[in-house]
Amino acid sequence: MDMKKCVLVSGGAGFIGSHVTVELIEAGYDVIVADNMSNCDMTCFEGVKKITGRDDIPFIKMDFCDPVATELLFTTHAIDAVIHFAGFKAVGESVAEPLKYYRNNLESFINVIESAKAHGCGNILFSSSATVYGEPEKLPVTEETPRQPATSPYGNTKQMCEDILRDSVKAYPEVRGIALRYFNPIGAHPSALIGELPRGVPNNLVPFITQTAVGKRECLSVFGDDYPTPDGTCQRDFIDIVDLAKAHVFAVRRMLDGKMKKEYEIFNVGTGKPLSVMELINGFEKANGLKLNYRIAPRRAGDVTAIWADPTLANEDLGWKAERDIEDTLAAAWAWEKHLAGKD
Ligand code: UD1
């Protein structure tokens with residue numbers, strides 16, 4: 001009989017980690033969720049248990065910046081692969097507190113690789129970001145598109161963690177790595193039991209939209225309508241969170257089945273279709289039959305004009321493709337916000 005493979009999801013109680021946990025379990029993997037709960041509560045982990053009907057998913061409250069705790073985790077569990085999400089992700093905060101970001105995001109990843117390697121479980125998947133491309137000269141971006149110098153310490157930690165993984169793979173034969181570069185993950189699980197839980201005022205567009213629609217925020221600011229794009233607002237590659245989560249299952253399977261073409265691989269995780277901020281707002285109104293209160297505001301510092309993925313490599317090599325319709329995604333985001341409002 002096949003032994004079930006076990007995947008450690010660091011930062012598994014957060015927005016992306018909880019959706020990935022669901023998809024891994026539904027694909028037949030055992031999952032260990034570990035999180036220091038510094039940026040979430042148990043809402044999503046409880047949601048994961050409900051969706052999967054599994055009450056026995058191991059949850060460990062721990063900080064991967066602690067090398068002893070990390071080592072203990074690998075000593076006490078048979079882990080076949082690691083997906084590393086545990087990290088801070090607020091761009092503005094990283095500018096104000098760079099050392100907090102460098103210490104947390106780099107130390108935790110180094111500890112994970114070191115212990116994984118020591119315990120012969122060298123399959124490491126890192127959650128990277130399209131932010132590594134900066135303002136690209138040519139669109140869409142492929143994995144070969146050169147990275148640009150990071151514009152924030154947060155973005156820099158994504159680049160540095162990619163490099164740490166690349167160099168570890170090169171030096172240690174027992175380590176393999178995949179970096180997934182996410183474009184703009186949005187939406188929520190169709191069950192409305194897990195989703196984004198921003199603390200304080202949301203930085204990202206879709207949580208701000210849903211909080212405005214539900215009445216928690218008065219008005220959405222559209223940051224700039226004078227960009228050199230068709231409608232003057234920025235263009236992004238908004239990728240459904242469940243689609244994005246499924247990409248991890250393909251990547252983990254590829255590593256565990258020994259199907260990687262190189263020991264270190266990078267994949268863009270996006271739809272390949274640009275959508276402007278205005279188009280997204282209109283799509284949200286249409287999908288949910290409501291009107292959103294918004295106004296045009298000045299540009300936000302640090303925003304790139306336009307970026308979207310060429311997802312060909314993920315489509316062909318990983319066998320993964322974004323499938324969900326944007327209106328379904330925006331309906332799911334709204335259902336999740338209403339679910340939260342019902343619990344207040
Ligand atoms: C940002 C980060 C990226 C990170 C991602 C996580 C940068 C440069 N990029 O992407 O590294 O991985 O979040 O999801 O910081 N907008 C508004 N009004 C709002 C909020 C946003 O108009 O209230 C606009 C922004 O100007 C931007 C677009 O919506 O044009 C998307 O913004 P956001 O959701 O914050 O994502 P990114 O900045 O693309």
Side-chain angles (χ1 to χ4, degrees), residues 11 14-17 19 39 85 87-96 101 105 126-136 139 141 147-162 179-188 195-198 200-213 216-241 244 268-271 274-284 292-309 329-330 333:
F15 172 47
I16 303 181
H19 287 83
N39 194 32
F85 293 108
F88 296 146
K89 60 167 188 182
V91 177
E93 185 191 43
S94 80
V95 176
Y101 273 66
N105 292 8
F126 176 64
S127 64
S128 192
S129 166
T131 196
V132 302
Y133 296 117
E135 178 90 65
L139 287 164
V141 292
R147 298 187 321 190
Q148 305 274 352
T151 53
S152 73
Y154 157 77
N156 207 15
T157 65
K158 289 294 177 197
Q159 296 204 0
M160 292 166 87
C161 283
E162 284 192 355
L180 296 182
R181 290 178 177 160
Y182 311 147
F183 283 68
N184 287 60
I186 61 164
E196 245 173 312
L197 265 180
V201 183
N203 293 312
N204 296 118
L205 179 60
V206 169
F208 208 107
I209 288 177
T210 55
Q211 288 196 6
T212 305
K216 262 171 111 170
R217 311 272 157 213
E218 212 171 300
C219 184
L220 166 76
S221 294
V222 174
F223 297 137
D225 69 347
D226 56 353
Y227 283 95
T229 59
D231 68 14
T233 63
C234 294
Q235 293 172 301
R236 294 290 184 272
D237 186 332
F238 296 99
I239 170 82
D240 182 271
I241 186 66
L244 178 116
N268 285 340
V269 183
T271 66
L275 212 65
S276 74
V277 171
M278 250 352 281
E279 285 171 326
L280 189 93
I281 293 170
N282 294 335
F284 182 83
L292 201 67
N293 192 21
Y294 68 86
R295 65 185 154 91
I296 306 301
R299 291 182 178 193
R300 181 173 73 175
D303 276 340
V304 302
T305 301
I307 183 163
W308 65 92
T329 302
L330 293 170

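First listed ligand is number 1; within each ligand, the first listed atom is number 1.
Of the protein's heavy atoms, S221 O, 2.7 Å lies nearest to atom 18 (N) of ligand 1. The nearest protein atom to atom 34 (O) of ligand 1, hydrogens excluded, is given as L205 N, 2.9 Å; this is a heavy-atom distance. Among protein heavy atoms, the minimum distance from atom 25 (C) of ligand 1 is reached at D303 OD2, 3.5 Å. Among protein heavy atoms, the minimum distance from atom 6 (C) of ligand 1 is reached at N204 ND2, 3.8 Å. For atom 8 (C) of ligand 1, the nearest protein heavy atom (residue, atom name, distance) is G302 O, 3.9 Å.
For the residues T233, V277, T131, the heavy atom positioned nearest atom 29 (O) of ligand 1 is part of V277. Taking all heavy atoms of K158, R299, R300 into account, the minimum distance to atom 32 (O) of ligand 1 is reached by R300. Compare F208, F223, F238 by their heavy atoms: the one nearest to atom 19 (C) of ligand 1 is in F223.
Listed by number with element, the atoms of ligand 1 under 4.0 Å from a non-hydrogen atom of V222 are 22 (O). Heavy-atom contacts of N184 reach the following atoms of ligand 1: 10 (O), 36 (O), 37 (P), 39 (O) (cutoff under 4.0 Å). Annotation for ligand 1: atoms under 4.0 Å from non-hydrogen atoms of C234 are 30 (O). With ligand atoms numbered from 1 in the order given, ligand 1 contributes 27 (C), 30 (O), 37 (P), 39 (O) to contacts under 4.0 Å with heavy atoms of R236.
Side-chain contact check for Y182 versus S128: every heavy-atom pair is 4.5 Å or farther apart. Using a 4.5 Å heavy-atom threshold, the side chains of P198 and Q211 count as touching. Residues R217 and P202 are in side-chain contact: their nearest non-hydrogen atoms beyond the backbone lie under 4.5 Å apart. At a threshold of 4.5 Å between non-hydrogen side-chain atoms, the residues Y227 and R299 count as touching. In this structure, the side chains of E135 and T151 stay at 4.5 Å or more apart for every pair of heavy atoms. Annotation: side chain of Y133 is in contact with side chain of I307 (closest heavy-atom distance under 4.5 Å). Residues V91 and N203 are not in side-chain contact: their nearest non-hydrogen atoms beyond the backbone lie 4.5 Å or more apart.
With a 4.0 Å heavy-atom cut-off, ligand 1 is reached by the side chain of V91 but not by its N, CA, C or O. Contact annotation for A130 and ligand 1: no heavy atom of the residue comes within less than 4.0 Å of the ligand. The proximity of Y154 to ligand 1, defined as any non-hydrogen pair under 4.0 Å, is limited to the side chain. If you look at N203 next to ligand 1, the close heavy atoms, those under 4.0 Å, all belong to the backbone.
A cation-pi arrangement is absent between R236 and F183, since the terminal nitrogen or guanidinium carbon is not both under 6.0 Å from the aromatic centre and inside a 45° cone about the axis.
Side-chain atoms of S129 come within 3.5 Å of backbone N or O of T131 as a donor-acceptor pair.
Going from atom CH2 of W308 over to atom CG of N268 covers 13.5 Å, rounded to the nearest 0.5 Å.
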